[in-house]
Amino acid sequence: MADRQCILCGACMAVCPLLRATGREELSPRAKSDLNRLLAEGAADLSGDAVARLAGLCLGCHRCKAVCPQGVDVPEVVAQLRAAHPDFRRWLWKTWLTHAGTLWPAGSAAAKAVPEGLAPEKFGPSLRMLAGLSGGPGLTPLLEPVKFPDSCRGERMLLFAGCTATYVRKRWADTARRLLDGLGVEVLAADFGCCGSGLSAVGLSAEAGVLAERNLAAWRAAGRPRVAVFCASCLEGLRAYRPDDSAEAEAWRKALTPLSIVLHDIEFVVSPHATSAIGYHHPCHAPEPDPDLALLRRALGDRMVAATGKECCGFGGVMRLGAPELSATVNAGCWAALQGAELVLTGCSACATQLAATAPAGVTAGHWLELIA
Ligand code: SF4
Ligand code: SF4
């Protein structure tokens with residue numbers, strides 16, 4: 001809850017990727033929590049613009065929330081500050097998310113048309129990420145499924161693809177459907193929309209609530225089956241829904257299943273052309289332990305040579321609109337932890353697009369679904 005009392009213990013300071021990358025204590029979760037208290041008490045002598053700027057500087061990784069002994073939800077504090085002090089970035093972010101079907105493919109095509117040398121250095125990574133949104137060839141498939149277990153045969157299931165796979169990376173959802181088909185799962189049709197987590201992060205709770213109701217209605221209409229999800233951020237966004245009925249809330253929580261858990265026992269053959277230097281980026285929003293990493297370790301064995309733990313990719317959501325240089329600083333720490341890997345996989349739409357756009361020369365990166373033939 002956003003109104004729990006911060007005791008300034010500092011437990012969150014050890015996990016904040018923004019603080020670790022910059023060393024700037026004013027960007028830490030404790031400082032944000034304290035700022036919120038000072039504002040509530042009328043003791044902060046700050047302009048609305050200054051509050052908006054500080055509230056804008058958060059990656060929304062949720063790592064601080066996970067370790068706070070008081071249950072302080074700093075990302076929610078930040079969302080409320082962003083709602084109370086709206087600026088053009090929030091409007092831009094909202095427009096970007098609520099018109100994803102038209103803006104994402106068009107924005108990607110426009111970014112591809114900007115010659116590399118003409119883009120200001122500050123915006124280079126953002127433009128590359130935009131350009132890469134619509135995919136291009138993606139990763140070369142290196143894993144072929146050769147044996148499907150019977151454990152899910154005949155089960156009816158929903159697939160939550162999320163905005164990225166729905167609008168620009170359709171290959172991810174196609175591959176997921178083919179694998180579920182191989183398992184003998186009947187994938188039901190559903191009128192899912194965006195998970196709403198990007199809107200919640202900037203305090204647009206009414207708009208996010210409408211999306212939650214739409215997605216819950218689609219699940220109910222399908223008979224409340226399991227919902228397979230292959231984006232860690234979508235999964236966390238969906239897990240945050242709170243249906244009024246407690247039995248239904250529990251059923252919803254149980255229904256949400258990482259796709260990698262459903263696929264875990266498929267046997268894969270690795271292409272002889274596969275590199276033996278594969279890395280994995282653990283998304284900030286992924287469950288612990290991470291089922292995507294378990295699936296990849298089982299399929300790829302000792303080809304997995306590096307994995308991030310606490311390093312954030314630096315995507316940052318709305319933050320990158322105002323502070324792309326901070327996003328780049330955090331991102332550099334992530335690549336340092338993946339040194340030695342020639343191919344980097346991850347299980348979050350945002351991390352996958354960010355890593356594909358920022359990969360060092362000679363390294364490729366993408367969602368692990370791209371690796372499967
Ligand atoms: S937000 Fe939580 S973990 Fe961070 S200083 Fe306050 S009480 Fe401690
Ligand atoms: S959500 Fe992440 S970036 Fe934001 S304050 Fe918490 S730990 Fe730091």
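Indexing begins at 1, ligand by ligand and atom by atom, following the structure's order.
In this structure, His367 and Phe230 have perpendicular ring planes: the angle between them is above 60°, well past the 30° mark.
Between Glu26 and Lys32 there is no salt bridge, since none of the side-chain N atoms of the basic residue sits less than 4.0 Å from a carboxylate O of the acidic one. One finds no salt bridge joining Arg20 and Glu311 here, because no Lys/Arg side-chain nitrogen approaches an Asp/Glu carboxylate oxygen to under 4.0 Å.
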(request) Decide yes or no on side-chain hydrogen bond (donor to acceptor under 3.5 Å, both in side chains) for Arg37 and Gln5, but give the supporting numbers first. (result) CA-CA 9 Å; Arg37 179 186 62 78; Gln5 281 299 310; over 6 Å; no

(request) Applying side chain to side chain contact (heavy atoms under 4.5 Å, CB included), run through Val227 and Thr257 and close with a yes or a no. (result) CA-CA 6 Å; Val227 183; Thr257 310; over 6 Å; no

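For Arg298, the CZ atom counts as densely surrounded, since its 6.0 Å shell holds more than 12 non-hydrogen atoms of other residues, nucleotides or ligands. By the 6.0 Å contact criterion, CG on Asp302 is open, its count of non-hydrogen atoms from other residues, nucleotides or ligands being 12 or less.
The backbone N or O of Arg239 lies less than 3.5 Å from a partner atom in the side chain of Arg242, making a donor-acceptor pair.
What sits closest to atom 4 (Fe) of ligand 1 on the protein, heavy atoms only, is Cys12 SG, 2.3 Å. Shortest contact from atom 6 (Fe) of ligand 1 to any protein heavy atom: Cys6 SG, 2.3 Å. For atom 8 (Fe) of ligand 1, the closest non-hydrogen atom on the protein side is Cys9 SG, 2.3 Å. The shortest contact between atom 5 (S) of ligand 1 and any protein heavy atom is with Gly10 N, 3.2 Å.
When each atom of ligand 1 is checked for a heavy atom of Arg30 under 4.0 Å away, the hits are 5 (S). Interface of Gln70 with ligand 1, defined as ligand atoms under 4.0 Å from a residue heavy atom, comprises 7 (S). Of all atoms in ligand 1, numbered sequentially from 1 with element shown, those under 4.0 Å from a heavy atom of Leu8 are 5 (S), 6 (Fe). Counting the atoms of ligand 1 from 1 in the order shown, those under 4.0 Å from a heavy atom of Pro69 are 3 (S).
Backbone or side-chain N, O or S atoms of Cys68 do not reach atom 6 (Fe) of ligand 1 at under 2.8 Å.
Side-chain contact check for Thr358 and Trp335: at least one donor-acceptor pair (N or O, by modelled atom type) lies under 3.5 Å. Glu288 and His282 form a side-chain donor-acceptor contact under 3.5 Å, judged by distance and modelled atom types alone.
The two atoms that bring Ala337 and Thr308 nearest to each other are CB-CG2, 4.1 Å, heavy atoms only.
Ordered by chain and number, Cys61 SG make up the set of protein N, O or S atoms under 2.8 Å of atom 2 (Fe) of ligand 2.
Counting heavy atoms under 4.0 Å from ligand 1, residue Ile7 touches it through both backbone and side chain.
Within the structure, the closest approach of Gly71 to ligand 1 does not fall below 4.0 Å when heavy atoms are considered.
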